[in-house]
Amino acid sequence: MTKRFGVVLVSHVEELAYGAYKLVKESATETPLTYAGGTDDGAIGSSFDKIMQAVEENEADYLYAFYDLGSAKMTLEMVSEMSEKSVEIVDCAFIEGAYTASVLINGGNDKQAIDDQLAPLKIK
Amino acid sequence: MTKRFGVVLVSHVEELAYGAYKLVKESATETPLTYAGGTDDGAIGSSFDKIMQAVEENEADYLYAFYDLGSAKMTLEMVSEMSEKSVEIVDCAFIEGAYTASVLINGGNDKQAIDDQLAPLKIK
Amino acid sequence: MTLTAKQTRAWLLNFSNKIHDNKQYLSDLDQAIGDGDHGSNMSRGVTAVEAAITDESLEKASDVMKKAAMAMVSKVGGASGPLYGSAFLEMAKVIDNEAIARVIAAGLDGIKKRGKAEVEDKTMVDMWAPVVDALQDGRLSVEAIEEAKAQTKPLKAKKGRASYLNERSIGHLDPGAVSSSYLFIALLEEVEVND
Amino acid sequence: MTLTAKQTRAWLLNFSNKIHDNKQYLSDLDQAIGDGDHGSNMSRGVTAVEAAITDESLEKASDVMKKAAMAMVSKVGGASGPLYGSAFLEMAKVIDNEAIARVIAAGLDGIKKRGKAEVEDKTMVDMWAPVVDALQDGRLSVEAIEEAKAQTKPLKAKKGRASYLNERSIGHLDPGAVSSSYLFIALLEEVEVND
Ligand SMILES: Nc1ncnc2c1ncn2[C@@H]1O[C@H](COP(=O)(O)OP(=O)(O)O)[C@@H](O)[C@H]1O
Ligand SMILES: Nc1ncnc2c1ncn2[C@@H]1O[C@H](COP(=O)(O)OP(=O)(O)O)[C@@H](O)[C@H]1O
Ligand SMILES: [Mg+2]
Ligand SMILES: [Mg+2]
Ligand SMILES: [Mg+2]
Ligand SMILES: [Mg+2]
């Protein structure tokens, strides 16, 4: 089944992004989930190209995007502006927000239910 | 300089814990910071022994402990009960809370300042 | 009557066998409303319990139960580790001197303190609480245990991974309650509990 | 007067050299109130800018500036990437047809939209805003740039990594404002801006 909603994880660190992916994927096995972490050369930072790839490669066309710290958000915004997809950047706790959205998407919840459960996690 | 306060990062995933460590350490170079992720055999979950080691190996004796999801908290509580150290388990956003506490400790802030800035990040 | 070290060991080894036999089933239950690892978590935990309690030099039931507690805490890897661990630790404190109903009640207290769950939160508590009641009335049976298990199905999960699902957790058995059912069925098989 | 492709290239290459020369200094400034990577971020970014704008077939200033923008966005790795990138993109839209003061003003707008910072938040804005004012008055100078840089020191950071430090950010120059100072000193060295 193709799902309308997906999740993108964006972190300054490769391992953090991948680790978050592993944690979330364990519970949300069917949620379209992609991630990007670190700069192109593996340093701490954000990569426009990696994030763009994570957005484009995600099977869904409406994406909830979670980021660790504010500077990754700005790169994510530029990707969002240049991508054909709908990318909703969510100002929630990175791990907890991504986990929540992914589990709800996995269960086939509608957008209102997803947004309602993300609301208490907004901290940025 | 030996600092009184330190931070422990506890995650269900090894890479997530290490990635969080890398992200935080970049900005908080002098904060005593240790981490534990995954089970003893590297599966997704928490390890009492790894967490205990992270607590004991941390140079500080008053530790702010951050965790990704609730089940890691329970193992962390058992470690806290069995350790000689003061371990304050913080119900904040994992990444954002750990980053905030670590940066403030790095800057030599007192406990009130740390706690004040962590308050808006409590989501669990 | 109180439990002996020998009875406690037999009880826990029987429980361990049941967990191993139902490992995939427990994980399947957890996949539906959690993260799919309850069976592998429990299997890892009870394997450690087996190794820890086989030592015949453990003379008291409390020694066996304390070893089991630490094995579960150290090796399960999921929420059920500290939960069973806390239950076994609290039971270890009273098992040498109290009747079985009080022992299981102490275990239930340990789970409630650790996980902060109440009856009807769709957790292990929903198996332990009815079992404590049945033991206190001298009428624990396989039927009572199966009934308690079935009663978790219509509940909405309020704690743990399953709580993220809200209404969608309704209609599923709670995996921790099911694994706990094996603990009590094993107890019935190894010990005369209703005397 | 408007900038040519040749002038824009010279401006950006001069800026790039200044960044490389001051890479460690920028990182040291960032270590004090951030994460210590502003110099390495900017160096990575301008290295990519050099490669992207060296192409002589880029006939218009807007072509050069757009190439620089995408290089910064793609390669810097820190907040300053999307910030300089947004500034350069907005400047590219007007650089072929507008006077320099309007061009830099467009860049400032791009930074404000991307980072939501205001004057006195201790960010890049605190360098760009005074420069825009000075250009509009036809009196941009090295002294004005150095003065704007010094003015960031007593500010408390309200945006970015430095904002986590609250009062402890006071007494430090903002690294992004310093790197921006090189952009405008380079501009003065390459272009007659006050005509
Ligand atoms: N707060 C709690 N109180 C009591 N029991 C709980 C609580 N949280 C989880 N459980 C029990 O733990 C079981 C899940 O165990 P397990 O799969 O090992 O944990 P995890 O969620 O870490 O993967 C649940 O089915 C439930 O019975
Ligand atoms: N919201 C913002 N608006 C404007 N400038 C900002 C903002 N956030 C950060 N900056 C600028 O970026 C600089 C830091 O850049 P850099 O070190 O590359 O970013 P990072 O914080 O990702 O490591 C700061 O010194 C500041 O000038
Ligand atoms: Mg589980
Ligand atoms: Mg688990
Ligand atoms: Mg920086
Ligand atoms: Mg950085």
Side-chain angles (χ1 to χ4, degrees), chain B residues 8-18 20 34-57 63 65-85 87-95 122-124, chain C residues 23 27 30-31 33-45 47-49 51-52 66 68-90 93 110-117 121 123-125 157-165 175-176:
Chain B
V8 175
L9 307 170
V10 177
S11 169
H12 281 74
V13 179
E14 288 183 294
E15 292 93 339
L16 182 36
Y18 174 58
T34 49
Y35 63 95
T39 63
D40 291 339
D41 51 15
I44 298 180
S46 310
S47 162
F48 177 88
D49 290 346
K50 283 184 178 182
I51 298 172
M52 180 60 86
Q53 188 174 357
V55 165
E56 294 305 314
E57 286 184 357
L63 303 176
F66 298 87
Y67 60 92
D68 53 5
L69 299 175
S71 39
K73 178 183 181 178
M74 288 191 244
T75 307
L76 187 48
E77 283 176 349
M78 296 199 80
V79 168
S80 172
E81 286 160 16
M82 293 181 197
S83 170
E84 299 287 323
K85 293 192 175 187
V87 179
E88 180 176 341
I89 299 171
V90 183
D91 295 328
C92 283
F94 179 51
I95 300 299
K122 284 187 193 291
I123 55 165
K124 294 169 178 173
Chain C
K23 175 181 171 181
S27 282
D30 196 25
Q31 190 65 68
I33 59 173
D35 58 355
D37 63 358
H38 189 55
S40 54
N41 285 348
M42 289 301 294
S43 180
R44 196 186 304 121
T47 296
V49 168
K66 206 179 297 180
M70 288 318 301
M72 290 300 274
V73 169
S74 292
K75 293 295 174 190
V76 164
S80 49
L83 290 163
Y84 273 104
S86 297
F88 289 0
L89 274 174
E90 294 303 314
K93 291 173 183 172
I111 292 170
K112 282 179 155 188
K113 278 181 193 150
R114 181 64 55 204
K116 313 282 192 301
D121 283 350
T123 71
M124 290 168 58
V125 170
K158 303 258 189 45
K159 294 281 177 193
R161 302 292 183 105
S163 68
Y164 286 86
L165 273 64

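Hydrogens, waters and symmetry mates play no part in the numbers below; they use all other heavy atoms, side chains included. Numbered from 1 within each chain, the chains take letters A, B, ... in sequence-line order.
- To the nearest 0.5 Å, the span separating CG on Leu89(C) from CE on Met72(C) amounts to 11.5 Å.
- Taking every heavy atom of both residues into account, Pro175(C) and Ile33(C) meet most closely at CD-CD1, 3.9 Å.
- A distance of 11.0 Å separates CG in Leu63(B) from CD1 in Ile89(B), rounded to the nearest 0.5 Å.
- Across all non-hydrogen atoms, the minimal contact from Val49(C) to Ala68(C) is CG2-O, 3.7 Å.
- Summarising the geometry of Tyr18(B) relative to Tyr35(B), their closest heavy-atom pair is CD1-OH, 3.3 Å, with the distance given to 0.1 Å.
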- Task: Show the numbers, then the answer: is there a side chain to side chain contact (heavy atoms under 4.5 Å, CB included) between Phe94(B) and Leu69(B)?
- Result: CA-CA 8 Å; Phe94(B) 179 51; Leu69(B) 299 175; over 6 Å; no

Cross-chain donor-acceptor list, chain B and chain C, 3.5 Å limit, no angles:
| unit_1 | atom_1 | unit_2 | atom_2 | d |
| --- | --- | --- | --- | --- |
| His12(B) | NE2 | Arg161(C) | NH2 | 3.1 |
| Asp40(B) | OD2 | Lys75(C) | NZ | 2.7 |
| Ser46(B) | N | Gly77(C) | O | 2.6 |
| Glu77(B) | OE1 | Arg114(C) | NH1 | 3.0 |
| Glu81(B) | OE1 | Arg114(C) | NH2 | 2.8 |
| Glu81(B) | OE2 | Arg114(C) | NH1 | 3.0 |
| Glu81(B) | OE2 | Arg114(C) | NH2 | 3.3 |

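- Considering only residues two or more places apart in sequence or on other chains, Ala93(B) meets the side chain to side chain contact (heavy atoms under 4.5 Å, CB included) condition with Ala93(A), Glu96(A), Ile123(A), Glu96(B), Ile123(B).
- There is no contact between Ala72(B) and chain C, counting heavy-atom distances below 4.5 Å.
- If you tally non-hydrogen atom pairs under 4.5 Å between each of Leu83(C), Val76(C), Val73(C) and chain B, the highest count goes to Val73(C).
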